[in-house]
Colleague: 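Quick one: the structure is below, questions incoming.
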Amino acid sequence: MAARDPMPAALTHVAVTHGGAALVDPVALRAALGAGGVPRLAPHEADLLVAVAGSGLVPRLRSAAGTAEEDTVAQTAVRVVAAAGYSDVAVRRAVKAFVTALRGPGTDPTKPWPIGSAGGTAGVETELDADPTQDPVLHTMSPAAAAVTPAHAVLSWDDGTGTSDPVTPLPPVTPSGPADRRTGGNRLVAALRRGRTAVVILCLAGATAATIGVIALNRDGVQEPAPVVDRFALSEVAQRYRELGATLLAGARRCVPLAPQVSEVEHVRCDFTDRTLDLVQYGSAAQLRLERARTVDSTIEWVRFGQVLDRDAAFSMHEDRAGAATVYWDSVLPRPQSAVVTNSAGSEATGEAGSTIARLSLPELVDFYDGRRFGGLTRPELDAAQFRSGVLADLAQNDLNEPELRCRADPGGPFRRAAEQVTCTFKEGVTAWYVLVDDADSYAVYRKDIASSANAVPGSHHSEAWEVSTDHKGGTLTYYQESTTSQSVLYSELVYRDTAGQGAEQRTLAIAVYRHPTMSPAQLKAWWHRTAVD
């Protein structure tokens with residue numbers, strides 16, 4: 001990047017002046033870029049930097065500075081931000097500006113500059129020309145306001161771990177001597193000296209006058225309590241958990257606090273129209289990883305499962321035999337947080353208008369996750385994404401490995417009592433229908449109509465059991481030549497075996513029907529065994 005490029009210089013100035021928190025907060029960064037002393041940027045340049053800050057990947061860029069992972073994280077940031085419609089070339093320039101600023105002025109790139117630490121801001125005076133008192137976004141203040149305002153904790157990145165810790169700044173120094181002359185015309189200071197009540201109205205001049213704040217001080221010079229901020233308003237929750245997604249709460253209706261567990265600092269549940277999202281902040285990264293291990297358990301026999309684990313982030317999606325599905329993701333930096341969305345509240349729910357809402361499928365939960373725009377990592381592909389039901393996908397599991405296979409959801413297919421049906425065609429000319437039947441009565445009807453020997457050419461009807469012991473599943477297999485069409489038909493059911501070896505069975509409502517116009521029943525069975533039971 002050319003030395004005259006103002007973008008890294010602007011970010012460095014913001015980091016030194018306002019602390020590292022301003023680089024991960026798009027609202028704070030936009031305000032800081034407009035403050036006095038910051039190298040001037042074109043509007044589109046400022047927009048690009050704010051977009052990168054909103055991606056949630058700046059903490060990982062800082063953590064990866066000077067390491068082999070830095071380029072991978074930078075490329076991820078470019079991909080996430082460019083997906084929002086920005087030019088790829090321009091985004092690369094903005095991300096490179098962050099990389100440069102986060103490395104700091106040192107010559108050793110493996111020791112990133114601890115921007116935002118207490119030492120990083122020593123001796124630097126904040127310049128906010130538009131507001132002579134406290135700025136509500138950056139939590140910085142003028143000397144006059146600092147004289148009457150208690151110090152607050154600010155966010156800092158620890159140089160050793162990349163995690164955030166509250167750091168209390170040194171008490172502000174009350175201006176005196178020549179500094180008094182700079183504020184001699186300030187009515188707030190004069191009123192404080194006289195011990196009178198003062199009300200200061202700060203106005204911002206522009207096309208129209210807008211009142212931006214009122215600060216009331218009593219006779220003793222003590223600031224009145226600020227308006228109560230609802231910590232669980234959507235905007236507040238989205239700000240605290242922004243590392244888990246640039247659009248984390250898009251579409252949410254409300255958020256409410258839940259009682260945190262021992263390892264949790266905070267537990268928040270946010271409601272959407274047809275799902276809930278649980279957000280948790282932990283006391284330490286170690287506590288988050290313990291919860292991650294409990295949630296992301298690959299030893300359970302999920303019917304669909306996928307995960308990716310990184311040093312600072314994780315993703316997991318899984319579905320059990322009962323249809324309960326979960327998508328989980330977390331981020332260690334800059335603070336340990338996790339999010340989980342499930343469909344386990346029941347087979348169906350009731351909306352506000354009393355309408356029935358069908359239980360969400362795992363593919364729908366994965367789509368919801370994709371809409372949060374979490375930039376920490378790239379999720380794995382979902383197996384059998386054409387299937388809403390994981391049990392139905394499990395019935396078709398080995399078939400789906402066949403080359404030149406074409407599958408599509410087929411709600412208008414031939415099985416009218418189906419809750420779901422998917423049609424697939426194979427290169428050998430076999431057509432298969434995978435059907436999740438509505439209820440036990442419909443299941444009995446299809447079993448009789450399709451698997452019955454009444455439909456078979458005499459002598460062509462055969463029935464046997466099939467089993468995949470490694471997956472603890474099996475069922476009944478029936479095959480014959482259909483008397484009305486002369487086609488070969490194969491009918492299969494799915495039953496889950498007891499994993500403890502006690503012989504118990506769990507019947508499902510999933511069936512599969514295969515047809516071929518010229519194969520013999522024995523040939524169709526041999527083809528099925530090759531594809532479905534290896």
Side-chain angles (χ1 to χ4, degrees), residues 298 300-308 315-327 360-367 369-370 378-415 418-437 446 450 466-479 488-497 506 508-516 519 523-534:
S298 59
I300 299 175
E301 284 199 351
W302 308 110
V303 293
R304 277 193 286 196
F305 176 79
Q307 70 176 22
V308 56
F315 169 88
S316 173
M317 55 186 170
H318 50 77
E319 182 177 359
D320 66 17
R321 293 173 174 179
T326 297
V327 170
L360 295 168
S361 65
L362 180 58
E364 287 170 323
L365 296 186
V366 172
D367 287 343
Y369 162 82
D370 289 342
T378 301
R379 68 166 175 84
E381 290 297 318
L382 173 65
D383 290 338
Q386 310 96 323
F387 292 77
R388 282 179 47 87
S389 165
V391 170
L392 198 59
D394 199 24
L395 176 60
Q397 181 183 23
N398 284 23
D399 289 349
L400 300 180
N401 295 326
E402 283 294 287
E404 301 179 31
L405 174 69
R406 295 187 181 91
C407 291
R408 60 184 174 87
D410 192 11
F415 299 90
E420 178 187 2
Q421 52 186 315
V422 176
T423 302
C424 297
T425 57
F426 298 82
K427 67 176 183 179
E428 294 86 356
V430 175
T431 300
W433 290 267
Y434 303 94
V435 183
L436 187 68
V437 182
Y446 281 136
I450 302 173
W466 67 274
E467 183 173 4
V468 181
S469 58
T470 54
D471 289 339
H472 302 101
K473 64 185 180 183
T476 301
L477 192 69
T478 300
Y479 52 99
S488 291
V489 178
L490 186 147
Y491 168 89
S492 174
E493 300 171 351
L494 176 62
V495 175
Y496 287 116
R497 311 298 189 195
Q506 175 187 347
T508 71
L509 297 179
I511 63 174
V513 180
Y514 304 81
R515 287 179 174 273
H516 194 279
M519 281 184 181
Q523 288 173 326
L524 184 57
K525 187 201 82 166
W527 172 88
W528 183 90
H529 268 289
R530 187 192 74 233
T531 60
V533 183
D534 293 329

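Numbers here are sequence positions counted from 1. Bear in mind the structure is a predicted one, so any value in this text is a computation, not a measurement.
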Colleague: Quick one, Glu428 with Met519, criterion side-chain contact (heavy atoms from CB on, under 4.5 Å). Give me CA distance, side-chain angles, the key distance, then yes/no.
Modeller: CA-CA 10 Å; Glu428 294 86 356; Met519 281 184 181; 4.2 Å; yes
Colleague: Using a strict threshold of under 4.0 Å (side-chain N to carboxylate O), is an ion pair present between Arg379 and Asp370?
Modeller: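 Looking at Arg379 together with Asp370, the answer is yes, because their closest N to O distance falls below 4.0 Å.
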Colleague: Using modelled atom types only, decide if a donor and an acceptor are shared between the side chain of Ser492 and the backbone of Ala512 within a distance under 3.5 Å.
Modeller: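 Side chain of Ser492 to backbone of Ala512: no pair is present.
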Colleague: Going by heavy atoms in the side chains, are Leu477 and Trp528 under 4.5 Å from each other?
Modeller: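 Yes; the side chains approach each other to less than 4.5 Å.
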Colleague: My understanding is that only one of Val495, Leu494, Thr476 makes a side chain to side chain contact (heavy atoms under 4.5 Å, CB included) with Trp466; could you say which?
Modeller: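 Result: among Val495, Leu494, Thr476, Leu494 is the only option passing the side chain to side chain contact (heavy atoms under 4.5 Å, CB included) with Trp466.
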Colleague: From Ile511 CD1 over to Gln421 CD, what is the distance, rounded to the nearest 0.5 angstrom?
Modeller: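 Output value for this atom pair is 9.5 Å.
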Colleague: Is the side chain of Thr478 donor-acceptor paired with the backbone N or O of Tyr491 at a distance under 3.5 Å, no angle test?
Modeller: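 It does not hold such a pair.
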Colleague: Which label fits Phe387 and Tyr434: parallel for a plane angle under 30°, tilted from 30 to 60°, or perpendicular past 60°?
Modeller: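 Taking Tyr434 first and then Phe387, their aromatic rings stand perpendicular (interplane angle over 60°).
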Colleague: At what distance, to the nearest 0.5 angstrom, does CG of Leu392 lie from OG of Ser361?
Modeller: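 Here the interatomic distance stands at 12.0 Å.
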Colleague: Could you check, using the six-membered ring where one of them is a Trp, whether Trp527 and Phe426 have ring centers closer than 6.0 angstrom?
Modeller: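 Yes, the ring of Trp527 comes within the 6.0 Å limit of the ring of Phe426, centre to centre.
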Colleague: side-chain contact (heavy atoms from CB on, under 4.5 Å), that's the test. Do Asp399 and Leu405 meet it? Break it down for me.
Modeller: CA-CA 9 Å; Asp399 289 349; Leu405 174 69; 5.6 Å; no
Colleague: Applying side chain to side chain contact (heavy atoms under 4.5 Å, CB included) between Met317 and each of Val308, Thr326, Val327, report the one that passes.
Modeller: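 The side chain to side chain contact (heavy atoms under 4.5 Å, CB included) with Met317 is passed solely by Val327 among Val308, Thr326, Val327.
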